[in-house]
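Take a look at the structure set out below.
Predicted model only: the values in this text are computed from it and were never measured. So you know, we letter chains A, B, ... as the sequences are listed, proteins then strands, and number each from 1.
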Number of protein chains: 2
Amino acid sequence: MGKVEHCITFLLGKAYQKSQQIAKQHLNAFQITPVQYAVLLILWEKDGQYIAELGTRLKLDGATMTGIIDRLVQKNLIEKHADAKDRRINKIMLTEKGKSLENQLINAMNAGHQEILSELTETEMVTLKAILAKIGDVKR
Amino acid sequence: MGKVEHCITFLLGKAYQKSQQIAKQHLNAFQITPVQYAVLLILWEKDGQYIAELGTRLKLDGATMTGIIDRLVQKNLIEKHADAKDRRINKIMLTEKGKSLENQLINAMNAGHQEILSELTETEMVTLKAILAKIGDVKR
DNA sequence: CACAAATAATTTGTACACAAGTATTTTGTA
DNA sequence: TACAAAATACTTGTGTACAAATTATTTGTG
């Protein structure tokens, strides 16, 4: 009885899909995507990181990062600055606009998280996070 | 302390990413993707379903389905048959090649699932599936 | 019957996500 | 110092995934 609905890959995918939909909805007013938000979140923590660093943190391919960074530059939320010491590197710096949106965006995403987690008890949430981390943290 | 690593959306995404990588790896010899496998799995259950039906089951957009179906046709695993009763509908039928791969593909994916679940205890797996279903099943 | 509304599938455009390959620059080592 | 190896970023190509618009067909309602 190998129904697709009982398959762990499918269940993970659909739960992820759902969380993405909710996140998108809450970010929609700002015209940024969930992964673009994730990049900004890391930059608010520490400005001036370079692309490979951001990609490692988010576990995303360099090719994927190039596109995400391009779109954030176009939206005028970040800027690329060539490093004088190492000309391979582009330091990513928040613009004033990028800095100014921190509180609003975090509030919007917190509301999204509440919505996702509203389906679950506190215990379920803690359990879920622990198990997901176990699956996702495996080295590749 | 809003680190991205503690964010449920991120954790779901990375666990999903991991499971996709493992599934891809196990399906690689057959040159089909995880979602293409999912379509075949539903067709092995019952041949001759139409595209919207498959999309509903997999919770995928019609536009997404069109592309997936196209590629499975190109690989000669399925065929599209216009329905005589309702000319809007394309019934999707397995080819002989599509039928013949059932056992091999299921075995390959079972190995993949074992690999993912090997990180978890039996209890964790049951708990995880139940919570994921709770998140994913919410109507949209 | 006529015609608006609904349904099935496709098309177009945008955005990830990764593999494979390229260009440039830096580092390590002989 | 010369030069292979590594690192950074980008480009190209394939494959999801969805929104919005389009086409073709069928159904429901007056």
| Which other residues belong to the hydrophobic cluster containing Val126(A), where Ile, Leu, Val, Met, Phe, Trp and Tyr are joined when side-chain heavy atoms lie under 4.5 Å apart, directly or via other members? |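 Val126(A) shares its hydrophobic cluster with no other residue.
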| message | Taking transitive links into account, so neighbours of neighbours count too, which hydrophobic residues share a cluster with Ile89(B) at under 4.5 Å side-chain distance? | response |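 Noted: Ile89(B) shares its cluster with Tyr50(B).
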Figure out the [atom1]/[atom2] separation between [X] and [N], and round it to whole Å.
X        : N       : atom1 : atom2 : answer
Gln49(B) : dA8(C)  : CD    : P     : 14 Å
Asn28(A) : dA19(D) : CG    : C1'   : 11 Å
Phe10(B) : dC16(C) : CZ    : P     : 15 Å
Leu72(A) : dC16(C) : CG    : P     : 8 Å
Gln21(A) : dA15(C) : CD    : C1'   : 15 Å

| request: Could you note down all residue pairs passing salt bridge (charged side-chain N to carboxylate O under 4.0 Å, His left out) where residues 90-105 of chain A supplies at least one of them, sequence neighbours left out? | output: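 Found Glu96(A)-Lys99(A).
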| By side-chain hydrogen bond (donor to acceptor under 3.5 Å, both in side chains) - contacts of Glu45(A) (at least two apart) |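 Arg57(A).
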| field | Of Ala52(A) and Lys24(A), the one whose closest DNA chain D nucleotide lies more 5' | value |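 Mapping each residue to its closest nucleotide by heavy atoms, the 5'-most match is Ala52(A).
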| message | Taking salt bridge (charged side-chain N to carboxylate O under 4.0 Å, His left out) as the definition, give me every residue that meets it alongside Glu115(A), ordered by chain and number, with sequence neighbours left out. | response |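 Partners of Glu115(A) by the salt bridge (charged side-chain N to carboxylate O under 4.0 Å, His left out) criterion come out as none, since no residue qualifies.
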| task | Give a yes or no answer on whether the side chain of Thr9(A) reaches the backbone of Ser19(B) with a donor-acceptor pair at less than 3.5 Å. | result |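 Side chain of Thr9(A) to backbone of Ser19(B), a donor-acceptor pair under 3.5 Å: no, none is there.
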Side-chain donor-acceptor pairs of residues 30-44 of chain B under 3.5 Å, sequence neighbours excluded:
from, atom 1, to, atom 2, distance (Å)
Gln31(B), NE2, Asn28(B), O, 3.3
Thr33(B), OG1, Gln36(B), N, 3.3
Thr33(B), OG1, Gln36(B), NE2, 3.4
Gln36(B), OE1, Thr33(B), N, 3.3
Trp44(B), NE1, Gly98(B), O, 3.1

Would you tabulate the pairs of protein nitrogen or oxygen atoms and nucleotide nitrogen or oxygen atoms of nucleotides 10-17 of chain D closer than 3.5 angstrom?
from, atom 1, to, atom 2, distance (Å)
dC10(D), OP1, Lys80(A), NZ, 2.6
dC10(D), OP2, Thr66(A), OG1, 3.3
dT16(D), OP1, Thr33(B), OG1, 2.7
dT16(D), OP2, Gln36(B), NE2, 2.6
dT16(D), OP2, Arg71(B), NE, 3.0
dT16(D), O5', Arg71(B), NH2, 3.4
dA17(D), OP1, Tyr16(B), OH, 3.1

Review item, side-chain donor-acceptor pairs of residues 77-84 of chain A, under 3.5 Å, at least two apart:
from, atom 1, to, atom 2, distance (Å)
Glu79(A), OE1, His81(A), NE2, 3.1
Asp83(A), OD1, Lys85(A), N, 2.6
Asp83(A), OD1, Asp86(A), N, 3.2

| Base, backbone or nothing for each nucleotide of nucleotides 23-28 of chain C, written B, S, -, heavy atoms under 4.0 angstrom, 5' to 3'? | -BBS--
